[in-house]
Amino acid sequence: MLKKELEEKWYQFYGETDSEVIANLLDDLRTGDFAETVDLLVNKIRGAYALLIVSKRNPGEMMAVKLGSPLVFAYDTANNFYFSSDKQALSGYADKLIYLDDGDILHIKGKNYQIKANWIHISRKIEEMDIDSLEASKGNYKHFMLKEISEQPAIIKRICKGRVNFVDKTMNAEAFHGMHDEHFKKIIFVGCGTSYNAGVLWTYFMEDLAGLESSAFIASEYEYQHIHVDDETLFVFISQSGETADSISVLKLLKSRWAHTFWVVNVVWSTISHLTDYGLFTRAGAEIWVASTKAFTAQVTCVLLLALFLWQKRWLSKAKYDKVLTELERIPAMIDDILDSSEQIQHVAEKIVKYKDFFFLWRHFQVPVARESSLKFKEITYLHSEFYPSGELKHGPLALVDENYPTVLFTPNDLLFDKNISSIQEIKARKWIVVTVSDKEIADADYTIKIWTTIDEMYPFVTAVVWQLLSYYTADLLGREIDKPRNLAKSVTVK
Ligand code: F6R
């Protein structure tokens, strides 16, 4: 609409972006006063935006405005100014930061700034940049991704601290704010990408451990479905950044319908945690680079705790509950073991790096991990991978069979071990290459990455890390830009 109006005034457009419309609109609205022009602009445009505006006529000045989209303003001791949608990106540059509110107009002149809302000067809370430089540096690691993968054992311990007591096997009710409501009969998880994949795994945990009906939805799709809201349903929003536009959009829709909402978010000062009723922070620390690894494990750990907490009031046997906690305490050591024996994973990476297409075929608890592993793998290696529950193989995908299509099966010694072995035999009969991750020797597999034995619910923690590492080493052999994969951004703040 605005574009059409501008075209009628002979403005020319060279692309399809809204930014180009805004730049031309600013020119059209120009009054000679920079601040006044920007004010006219914000009164005219609709929808979510975060804009930084400079004008050739006002050198040394900049204006920032936002509505709906995140915008962090930060500065260092020399009053150099920085902007980002996510504070993580500013660590190492700025010391102080301010989260701008919707409708704020920030005006920079030289080394000074002022913020106005409705033409009145206001001051917003100034925060310290709390991401320490160690967290924001690679240390001795070749890539941030490898560093963040290696942090996972410590993160799991941190998540459990104060929330669970492994000695007397109790959960601290205070830590699960809001979840005292026993009337929830259904849980719906909403997220995107890796966070959605964590949500799918959570549905298994919720149903298996808490006996609660649950489903997971991709935010960008869910928004257009008929969403049934009632008093017995809890909507859980999962997000590392807390700023993902697709998730925020569904959240706002649900809030307008008085839905019960809960967050599982990593970045503390973020839109999703603000808009949601209550929740859990995942305590993964700053996840700085694009491919999500430690955030996934942290999300999965948090919901495992939540499921166990809910269980206490519901159904599982005490023996099973105790066993899950015992094994959860061992998970950091299991992951440490994988990190320490990473040569076995590097060896497999060297063998598979020559292929272009991969199948990820897993069952039950491993299906969401397959989904996540396939995403991680394609994201940083740029190789094609598909995932299927193994049982689906004969319903179509077998048509793709040839010896150039390696298949990855996670075959821990769980409930479905025997079924997985028959899948492997079916695949080997067609001469596929088979890579497995297991605590058992798999005679028919070409390569097996060994992990420790645990219980069914805990294998996903371990298998996910194995595949993070395998994706990492394969991408490294291919010389990919691992920390900044092409075409991707850390926070997806536009729809
Ligand atoms: C993949 C990845 C993305 C994010 C997705 C949601 O490695 O990082 O798929 O998981 O963009 O982001 P958050 O969790 O910040 O809502």
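Here, residue 1 is the first one in the sequence, and each next residue gets the next number. Both ligands and their constituent atoms are indexed starting at 1 by order of listing.
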Next item on the list: May I ask you to check whether E379 has an N/O atom sitting below 3.5 Å from an N/O atom of ligand 1?
Entry: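 Yes.
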Next item on the list: Would you check whether S247 has a nitrogen or oxygen atom less than 3.5 angstrom from a nitrogen or oxygen atom of ligand 1?
Entry: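 No.
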Next item on the list: Using a strict 4.0 Å threshold on nitrogen-to-oxygen distance, state whether K96 and E127 make a salt bridge.
Entry: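 A salt bridge is absent here (no side-chain N lies under 4.0 Å from a carboxylate O).
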Which atoms from ligand 1 have a heavy atom of [X] less than 4.0 Å away?
X    : result
Q240 : 13 (P), 14 (O), 15 (O), 16 (O)
K376 : 1 (C), 7 (O)
A291 : 7 (O)
S195 : 10 (O), 13 (P), 14 (O)

Next item on the list: Report the residues that fulfil side chain to side chain donor-acceptor pair (under 3.5 Å) with W467, sequence neighbours left out, ordered by chain and then residue number.
Entry: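 Once residues adjacent in sequence are excluded, the partners of W467 under the side chain to side chain donor-acceptor pair (under 3.5 Å) criterion are S471.
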Check: For K378, which residues count as a side chain to side chain donor-acceptor pair (under 3.5 Å) partner, sequence neighbours excluded?
Finding: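 With sequence neighbours excluded, K378 shows a side chain to side chain donor-acceptor pair (under 3.5 Å) to S374, given in chain and number order.
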Next item on the list: For atom OH of Y93, decide whether the heavy atoms of other residues, nucleotides or ligands shown that lie under 6.0 angstrom number more than 12.
Entry: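 Atom OH in Y93 is not packed in, count stays at 12 or less.
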Check: When you look at CD of E16, are more than 12 heavy atoms from neighbouring residues, nucleotides or ligands closer to it than 6.0 Å?
Finding: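 Open: at most 12 neighbouring heavy atoms sit under 6.0 Å from CD of E16.
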Item checked: Any V290 heavy atom less than 4.0 Å from ligand 1 ->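 Right, V290 reaches ligand 1.
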Next item on the list: Specify the closest pair of heavy atoms between Q344 and K450, including all atoms of both residues, with the distance to one decimal.
Entry: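 Shortest heavy-atom separation between Q344 and K450 comes out as OE1-N, 2.9 Å.
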Checklist line | Validation row, ring centre F262 to ring centre F237 under 6.0 Å | finding: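 So the answer is no for these two rings.
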Check: Among T293, T194, I248, V190, which one has a heavy atom closest to atom 9 (O) of ligand 1?
Finding: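 Looking at heavy atoms only, the winner is T194.
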Notebook entry, point to check: Looking only at non-hydrogen atoms, which of T244, N197, T282, N266 approaches atom 12 (O) of ligand 1 most closely?
Noted result: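 Nearest heavy atom to atom 12 (O) of ligand 1 lies in T244.
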